[in-house]
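Per chain, numbering begins at 1; letters A, B, ... match sequence-line order.
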Protein chains: 2
Amino acid sequence: MTRILIVEDLADIRKWLTGIAQKAFDAPHEIETAATLRAALGAARKNSYDVALIDLNLPDGSGIDVLKCLRQSRPETLCVITTVMGDDAWIVAALSAGANGYLLKEQPSEVIVRQLSQLADGIPALSPSIARRIMEHFQYTGPVGEPDANLTGREKEVLALISRGMRNVDVAEQLSMAESTVAHHIKSIYRKLGISSRAEASWHAARLGLAPGQPGG
Amino acid sequence: MTRILIVEDLADIRKWLTGIAQKAFDAPHEIETAATLRAALGAARKNSYDVALIDLNLPDGSGIDVLKCLRQSRPETLCVITTVMGDDAWIVAALSAGANGYLLKEQPSEVIVRQLSQLADGIPALSPSIARRIMEHFQYTGPVGEPDANLTGREKEVLALISRGMRNVDVAEQLSMAESTVAHHIKSIYRKLGISSRAEASWHAARLGLAPGQPGG
DNA sequence: CCTCCCATCCCCTGTTCGGGGGAGATTGCG
DNA sequence: CGCAATCTCCCCCGAACAGGGGATGGGAGG
């Protein structure tokens, strides 16, 4: 039994999504709908779902809140954003909140059905343009070196920490070294990357895949 | 006519990929192979291809260089990384260099065939685990607000610039305001985002979709 | 043995930043 | 009209940072 939640304010689109869900998940399923943020949050708190299709633009708020709520109460729920808004800011916000997919409603039904049916295999449901947008987020027009960029092991450790916003003192404590040593490593990093500030270092750290899970020291 | 380049050092895997390419691109195609970085770069410079399957781990270098070369000489070429290396650093490096896909060789042939055949529709060829990894790059376990985070227009402008590593003085010049005003906006940004350093600001800027194309001031 | 690289520590300097005040101008809303 | 928000600019100060110098060890390799 697949339990599905559809969050969408417009009645006809809600019906359209319901039809898509019925085709995409051919096992016996149970579809519930919500037209407002309030209703969606209530449903999310009361019941548990296997899949959720969430519109971002709700009359009384943003679907991001539904997504966050579902993530908290039941992390296994597969949450897919279904919207017309393709702004980078919303894409990033949805992914940050842990969306398993991001589909644009302008797509033909059969494409959405196919994407949703692949969800169970662990394949994220992403509209082509969204996937491309996400990948372009990583694009870099400057020189792309090998992942290590000739940084030594210790330097990469320091870079990862200062890019999280930690101060030299905190990095020193974290890595059990003197603050002066941290400063020395940072100088080497700056020289190798051709930069001269922590903000640039943070940018490069993300590019080098030393991605911080979250900031703050 | 689809012109395909396969870059792979191991003969049997090269043969395996050739078979996959033949199935994925059913139009009349022409498949060329290269076993080393040297050979691949030579081929990339001489001929032009519609699709390239590139292994990262070549005996005389990294497939990233092939990718970069193809991107420069013919940007329309669809470049897909086919490898066993799933490190975040390599994924980010490949995407930074402009890869159109990233497939793990451990996957069954039919999955790879399907992903490659969807390439022409603009759907990036990503192994499920890779796609998930990419999406997790955006994940954030802390409080996720709305995309604007209540930042005013001017504040977002300042944030975008300082996250690129620019100094207050440079931001002031860029936005035609006094350095003291920049400092004031930064204080507001820090208060609203609950942070206290530029590195954290840079992190949040990326999260808010104010993604810098490249750093430097 | 000597050299190169890495990591560790210390000194020094000037600049930048973070954070605390206050103050005037403009806009929009009730 | 008063009120709130935004943008603009100024003052101050201490802490943190950027960048230069030099010194000590330990390995790797010629």
Side-chain angles (χ1 to χ4, degrees), chain A residues 89 145-206 208 210 212 214-217, chain B residues 89 142 145-206 208 210 212 215-217:
Chain A
E146 306 301 287
D148 63 352
N150 291 323
L151 294 184
T152 66
R154 214 58 171 157
E155 286 165 353
K156 276 188 277 190
E157 287 184 80
V158 172
L159 174 56
L161 292 181
I162 68 170
S163 70
R164 281 169 164 76
M166 289 175 69
R167 295 192 314 274
N168 290 4
V169 185
D170 305 319
V171 174
E173 190 182 352
Q174 181 89 27
L175 298 181
S176 301
M177 63 175 72
E179 192 179 339
S180 55
T181 307
V182 176
H184 176 84
H185 286 309
I186 291 178
K187 277 187 274 192
S188 301
I189 294 168
Y190 285 2
R191 189 166 22 82
K192 289 182 181 177
L193 294 181
I195 58 178
S196 63
S197 77
R198 304 165 98 76
E200 288 173 289
S202 177
W203 192 94
H204 278 273
L208 294 174
L210 307 172
Q214 54 193 304
Chain B
E146 306 301 285
D148 64 352
N150 291 325
L151 293 185
T152 67
R154 215 57 170 155
E155 286 165 354
K156 276 189 276 192
E157 286 184 81
V158 172
L159 175 56
L161 293 181
I162 67 170
S163 71
R164 282 168 163 79
M166 290 175 69
R167 294 192 314 275
N168 290 4
V169 140
D170 305 319
V171 175
E173 190 181 351
Q174 181 91 26
L175 298 181
S176 301
M177 64 173 75
E179 190 180 343
S180 55
T181 307
V182 175
H184 176 84
H185 285 309
I186 291 179
K187 276 186 275 192
S188 300
I189 294 168
Y190 285 2
R191 188 164 24 82
K192 290 183 180 176
L193 295 180
I195 58 179
S196 64
S197 76
R198 301 166 102 75
E200 290 171 287
S202 177
W203 192 94
H204 279 272
L208 294 174
L210 306 172

Give, for atom [atom1] of [X] and atom [atom2] of [Y], the distance between the pair rounded to the nearest 0.5 Å.
X      : Y      : atom1 : atom2 : value
B/L175 : B/T181 : CG    : OG1   : 10.5 Å
A/H204 : A/K192 : NE2   : NZ    : 14.5 Å
A/R154 : A/H184 : CZ    : NE2   : 12.5 Å
B/M166 : B/E173 : CE    : CD    : 8.0 Å
B/S202 : B/I195 : OG    : CD1   : 9.5 Å
A/L193 : A/L151 : CG    : CG    : 5.0 Å

Item to complete: Among B/H185, B/E179, B/R198, find the one that has a side-chain hydrogen bond (donor to acceptor under 3.5 Å, both in side chains) with B/N168.
Response: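 Single side-chain hydrogen bond (donor to acceptor under 3.5 Å, both in side chains) partner of B/N168 among B/H185, B/E179, B/R198: B/R198.
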Item to complete: State, to 0.1 Å, how close A/E200 and A/S197 come at their nearest heavy-atom pair, and which atoms those are.
Response: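 Between these two residues, the closest heavy atoms are OE1-OG, 3.1 Å.
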Could you state the [atom1]-[atom2] distance from [X] to [N], rounded to the nearest angstrom?
X      : N      : atom1 : atom2 : result
A/I186 : C/dC6  : CD1   : P     : 17 Å
A/L159 : C/dA7  : CG    : P     : 13 Å
B/L151 : D/dT6  : CG    : P     : 10 Å
B/R167 : D/dA16 : CZ    : C1'   : 16 Å
B/I189 : C/dC17 : CD1   : P     : 13 Å
A/N168 : D/dG19 : CG    : P     : 12 Å
B/Y190 : D/dA15 : OH    : P     : 19 Å
B/N150 : D/dT6  : CG    : P     : 9 Å

Identify all pairs in which a protein N or O lies below 3.5 Å from an N or O of nucleotides 21-30 of chain D, and state each distance.
none

Discussion item. Once you apply a heavy-atom cut-off of 4.0 Å, does A/S188 come out as touching a base, just sugar-phosphate, or nothing?
Written reply: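 Here A/S188 touches no strand at all.
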Worksheet item: Within the side chain of B/R164, is there an N or O that forms a donor-acceptor pair under 3.5 Å with the backbone of A/W203?
Response: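 Looks like no, no N/O pair under 3.5 Å.
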Worksheet item: Are A/H185 and C/dC6 close enough that a side-chain N or O sits under 4.0 Å from OP1 or OP2?
Response: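 Negative; the distance criterion is not met.
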Worksheet item: Any side-chain N or O of B/S197 less than 4.0 Å from the OP1 or OP2 oxygen of C/dC17?
Response: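 Negative; the distance criterion is not met.
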Worksheet item: For the side chain of A/R198, counting heavy atoms from C-beta on, which of D/dG19, C/dC6, D/dC17 is nearest?
Response: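 When the side chain of A/R198 is considered, D/dC17 is the closest of D/dG19, C/dC6, D/dC17.
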Worksheet entry | Which nucleotide in C/dG18, D/dA18, C/dT8 has an atom nearest any side-chain atom of A/S196 |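 So the side chain of A/S196 is nearest to D/dA18.
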Worksheet item: Does anything in residues 173-181 of chain A reach DNA chain C, meaning a heavy atom under 4.0 Å, and if so which residues?
Response: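 Per residue number, the list reads A/M177, A/A178, A/S180, A/T181.
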